[in-house]
Amino acid sequence: DISQLEGAGKNVQDKKINFISSLWNKCKPTEVKFVTKLLLGTLRLGVAENTVMDALAIAFTGDKENRKKLQYAYNVSSDLGKVAETVATKGLEGIEKFEIALFNPIRPMLADRVKSEAEAIEKMGNEFAAEYKLDGERVQLHIEGDKVVLFSRSLEKIEIYYPDIIEKIPKNIQADNIILEAEAVAINENTGDFLPFQELMHRRRKYKIEKAITKYPITVNFFDVLYCNGKNCMELSYKERREKMEKHVKEDEFAKYIPMKLVKNECEIEDFMENSINAGSEGLMLKMLDKPYQAGSRGNHWLKLKREYSNDLGDSLDLVVIGGYFGKGRRTGNYGTLLLATYDEDENTFPSICKVGTGFTDESLDQLYQILNPKVSIKKNPRIISEMEADVWFEPELVIEVVASEITLSPIHKAAFNTIRKNTGLALRFPKFTGKIRVDKAVEDASTNEEVITLYKGQKKIAHDKNLM
DNA sequence: TCTGGCTGCCC
DNA sequence: ATTCTGC
DNA sequence: GCAGAATGGGCAGCCAGA
């Protein structure tokens with residue numbers, strides 16, 4: 001029945017409504033809730049992939065230790081359903097036959113976060129590789145002759161967004177077949193400088209992609225090879241893989257190697273970090289030289305180090321709490337998200353700049369609820385400038401501290417509205433509550449529009465279009 | 001034909 | 001994406 | 001330390017309804 005709902009068509013909505021209502025009719029009352037959550041993809045059972053693999057291992061092989069073999073099969077095939085089917089019908093023997101295959105996506109290796117150069121040294125040891133962490137889209141390229149298949153980080157097929165990669169990259173490859181990893185980054189065509197992530201996102205389009213190619217040019221920045229000339233390369237060390245990648249990919253204006261340097265101490269990391277930030281990158285990726293490619297796992301062999309964490313005085317912002325949203329799940333009964341604003345000195349108003357929903361402990365969440373509840377107002381205070389629909393509005397009285405990785409142009413937030421670009425404001429990317437409730441601060445002492453504008457203009461990568469003011 | 005709300009996927 | 005928490 | 005579950009901005013596309 002469900003398969004009939006696939007694909008486009010007129011009145012799909014009606015068909016879906018009919019389908020769902022008949023499904024509900026077959027349910028016992030207690031089942032309706034769970035069927036609904038299943039349909040919405042919001043079922044939370046405390047169970048995810050790894051737990052499923054444990055369960056499969058126990059159910060079909062009788063030994064939880066076999067989870068490692070299942071894990072490998074999954075990492076290499078990216079298809080947990082197929083892994084489950086195979087272990088159920090063919091047992092471990094079937095599982096052991098899973099291997100890397102060209103044009104089948106591999107689950108990407110992930111990195112842990114680290115907050116300082118010192119912590120990085122501690123975890124990485126003597127000597128390791130540092131690469132620029134470019135702010136683009138991670139792309140897994142499978143290539144054989146002129147045939148190119150691209151996968152996103154979550155293993156979506158993304159060829160249609162990058163016809164230029166499909167056309168140009170085969171010429172850079174010196175191998176019969178190969179699986180590579182790279183970061184696609186938007187660039188300024190004239191200067192070659194990196195542009196913000198927001199610019200790259202214009203490429204994720206179904207229509208008018210040919211125009212977008214010239215309007216939003218990119219470079220492809222290679223950093224790894226997983227498979228080459230029919231052979232699995234994942235067991236090779238980082239060093240060997242990097243050499244292999246450089247051997248089989250030829251650089252030019254479009255295809256680059258991600259800048260990399262071997263480093264030994266804090267000083268060298270800091271220097272390279274400085275270069276990387278000046279080049280407009282987010283920070284560094286740190287990689288152990290002798291470790292294999294661990295598909296699908298976030299381990300200690302790769303670390304990411306972002307600038308934001310490096311200086312503890314950081315560029316934190318003191319923002320005014322203007323609105324709240326009721327929390328879900330374990331946050332039920334508290335505000336799960338707060339709407340924040342800067343202070344506009346000229347207008348004496350509080351224009352929204354972001355929501356923040358992370359960085360809270362259970363305790364701080366309780367505490368904030370206690371503080372904010374008395375400030376709830378029936379009507380939105382006229383000094384609040386926001387088009388968002390908060391669950392509750394607060395009298396603008398409380399200031400909290402927030403850090404963020406970047407300031408972006410915003411179609412929805414109102415801070416510095418119409419000062420950088422027409423009809424757009426500024427917002428924070430990856431905002432986090434620092435834990436500091438600034439009860440000592442008056443709202444008029446919060447971070448101002450002017451300060452945020454200064455921070456925005458101080459960023460290495462900023463937009464370059466004609467609508468700027 | 002246009003638009004607001006919503007979804008899915010990037011980070 | 002970041003972050004916190006239970007195990 | 002892992003796994004899970006809270007939560008962010010913002011882009012294009014889709015669809016229902018104006």
Side-chain angles (χ1 to χ4, degrees), chain A residues 7-17 40-54 67 71 110-113 115 123 133-139 151-158 160-162 183-186 196-209 212 216 282 297-300 304 306 308-309 324-332 334-340 352-365 387-389 402-413 415 424-435 463:
Chain A
K10 300 255 158 82
N11 297 322
V12 258
Q13 201 94 51
D14 285 345
K15 287 179 195 158
K16 287 176 185 174
I17 289 168
L40 293 173
T42 54
L43 182 62
R44 288 283 175 273
L45 283 175
V47 166
E49 289 161 358
N50 291 296
T51 316
V52 169
M53 280 185 282
D54 274 346
R67 139 107 181 257
Q71 183 107 44
L110 305 174
D112 259 2
R113 276 180 308 281
K115 297 190 182 194
K123 292 196 169 165
K133 186 178 190 307
L134 303 183
D135 192 13
E137 177 167 15
R138 186 169 177 176
V139 181
F151 296 101
S152 71
R153 199 186 103 133
S154 63
L155 310 179
E156 301 288 321
K157 292 183 71 173
I158 52 172
I160 59 159
Y161 307 130
Y162 300 105
E183 189 84 6
V185 185
F197 178 73
Q198 273 174 301
E199 297 292 313
L200 181 73
M201 281 299 95
H202 293 300
R203 289 290 290 269
R204 305 198 108 254
R205 59 170 58 245
K206 203 167 153 183
Y207 307 108
K208 298 184 189 167
I209 186 64
Y216 309 103
E282 291 185 287
S297 81
R298 198 183 283 280
N300 277 342
K304 60 180 145 186
K306 293 203 188 183
E308 171 198 332
Y309 300 120
Y325 298 80
F326 302 127
K328 308 243 199 293
R330 66 180 287 123
R331 295 200 181 168
T332 302
N334 268 328
Y335 300 120
T337 300
L338 300 177
L339 182 60
L340 305 179
S352 79
I353 187 167
C354 70
K355 294 194 285 186
V356 63
T358 193
F360 304 111
T361 60
D362 288 358
E363 194 190 356
S364 64
L365 233 33
E387 313 244 306
M388 315 204 62
E389 299 280 351
V402 157
V403 293
S405 68
E406 192 182 2
I407 298 169
T408 60
L409 291 168
S410 174
I412 58 171
H413 288 291
T424 79
L426 294 179
L428 302 185
R429 180 145 84 138
F430 308 143
K432 293 166 291 192
F433 176 51
T434 62

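Throughout, protein chains are lettered first and strands after them, A, B, ... in sequence-line order, and every chain is numbered starting at 1. Since we're looking at a predicted model, the values are computed, not measured.
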Examine [N]: is either OP1 or OP2 under 4.0 Å from a nitrogen or oxygen in the side chain of [X]? Give yes or no.
X	N	result
A/Ser154	B/dC10	yes
A/Tyr207	D/dC14	yes
A/Arg113	C/dA1	no
A/Arg205	B/dG8	no
A/Lys432	C/dT3	yes
A/Thr51	D/dA3	no
A/Arg429	D/dG8	no
A/Ser410	D/dG10	yes
A/Lys206	D/dG13	no

For the side chain of [X], starting at C-beta, report the closest nucleotide among [options].
X	options	value
A/Gln198	C/dT5, B/dC11, D/dG10	D/dG10
A/His413	D/dG4, D/dG9, C/dC4	D/dG9
A/Ile158	D/dT7, C/dC4, B/dC10	B/dC10
A/Asn50	D/dA3, B/dC10, D/dG8	D/dA3
A/Lys304	C/dT5, C/dT2, D/dC11	C/dT2
A/Arg67	D/dC11, C/dT5, D/dA3	D/dA3
A/Phe430	C/dT2, B/dC10, C/dG6	C/dT2

* To do: Let me know, please, whether A/Gly357 or A/Gly425 comes out on the 5' side of the other along DNA chain D by nearest nucleotide.
  =>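 The residue whose closest nucleotide sits nearer the 5' end is A/Gly357.
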* Hey, which of these two, A/Lys208 or A/Ile353, hits DNA chain D nearer its 5' end, going by closest nucleotide? ->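 Nearest nucleotide further toward 5': that of A/Ile353.
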* Give, for atom CG of A/Asp112 and atom CG of A/Asn300, the distance between the pair rounded to the nearest 0.5 Å. =>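 The CG atom of A/Asp112 sits 5.0 Å away from the CG atom of A/Asn300.
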* Nearest-0.5 Å distance, OH of residue A/Tyr216 to CZ of residue A/Arg204 ->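 The distance works out to 15.0 Å.
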* To do: Evaluate salt bridge (Lys or Arg N to Asp or Glu O under 4.0 Å) for A/Glu137 paired with A/Arg203, printing each intermediate quantity in order.
  => CA-CA 10 Å; A/Glu137 177 167 15; A/Arg203 289 290 290 269; over 6 Å; no
What integer distance in Å separates [X]:[atom1] from [N]:[atom2]?
X	N	atom1	atom2	result
A/Lys328	D/dA6	NZ	P	10 Å
A/Arg203	B/dC10	CZ	P	14 Å
A/Gln71	D/dC2	CD	P	11 Å
A/Phe326	D/dA6	CZ	P	17 Å
A/Phe433	C/dT3	CZ	C1'	13 Å
A/Lys306	C/dT3	NZ	P	9 Å
A/Glu363	D/dA6	CD	C1'	17 Å
A/Arg204	B/dC11	CZ	P	8 Å

* **Closest-nucleotide 5' rank along DNA chain C - winner of A/Arg153 and A/Phe360** =>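 Looking at DNA chain C, the more 5' nearest nucleotide goes with A/Arg153.
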* What's the verdict on side chain to side chain contact (heavy atoms under 4.5 Å, CB included) for A/Glu156 and A/Phe151, showing C-alpha distance, side-chain angles and the deciding distance? -> CA-CA 5 Å; A/Glu156 301 288 321; A/Phe151 296 101; over 6 Å; no
Applying a 4.0 Å non-hydrogen cut-off, can you work out what [X] is touching in the nucleic acid: base, sugar-phosphate, or nothing?
X	answer
A/Leu409	sugar-phosphate
A/Ser152	sugar-phosphate
A/Glu406	nothing

* Mind listing the closest non-hydrogen atom pair of A/Ala111 and A/Lys304 along with its distance? =>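 In terms of heavy atoms, the two residues are closest at O-CE, 4.0 Å.
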* Asked: Under 4.5 Å between any side-chain heavy atoms of A/Val185 and A/Leu200, yes or no?
  ->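 No - every pair of side-chain heavy atoms lies 4.5 Å or more apart.
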* **A/Glu183 and A/Arg138: CA distance, side-chain angles, deciding distance, salt bridge (Lys or Arg N to Asp or Glu O under 4.0 Å) verdict** => CA-CA 5 Å; A/Glu183 189 84 6; A/Arg138 186 169 177 176; 5.9 Å; no
* To do: Answer with yes or no whether A/Thr358 presents, from its side chain, a donor or acceptor under 3.5 Å of a partner atom in the base of D/dT7.
  =>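 In this structure, the two groups form no donor-acceptor pair.
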* Rounded to whole angstrom, note down the C1' distance from C/dT3 over to B/dC6. =>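 27 Å, rounded to whole Å.
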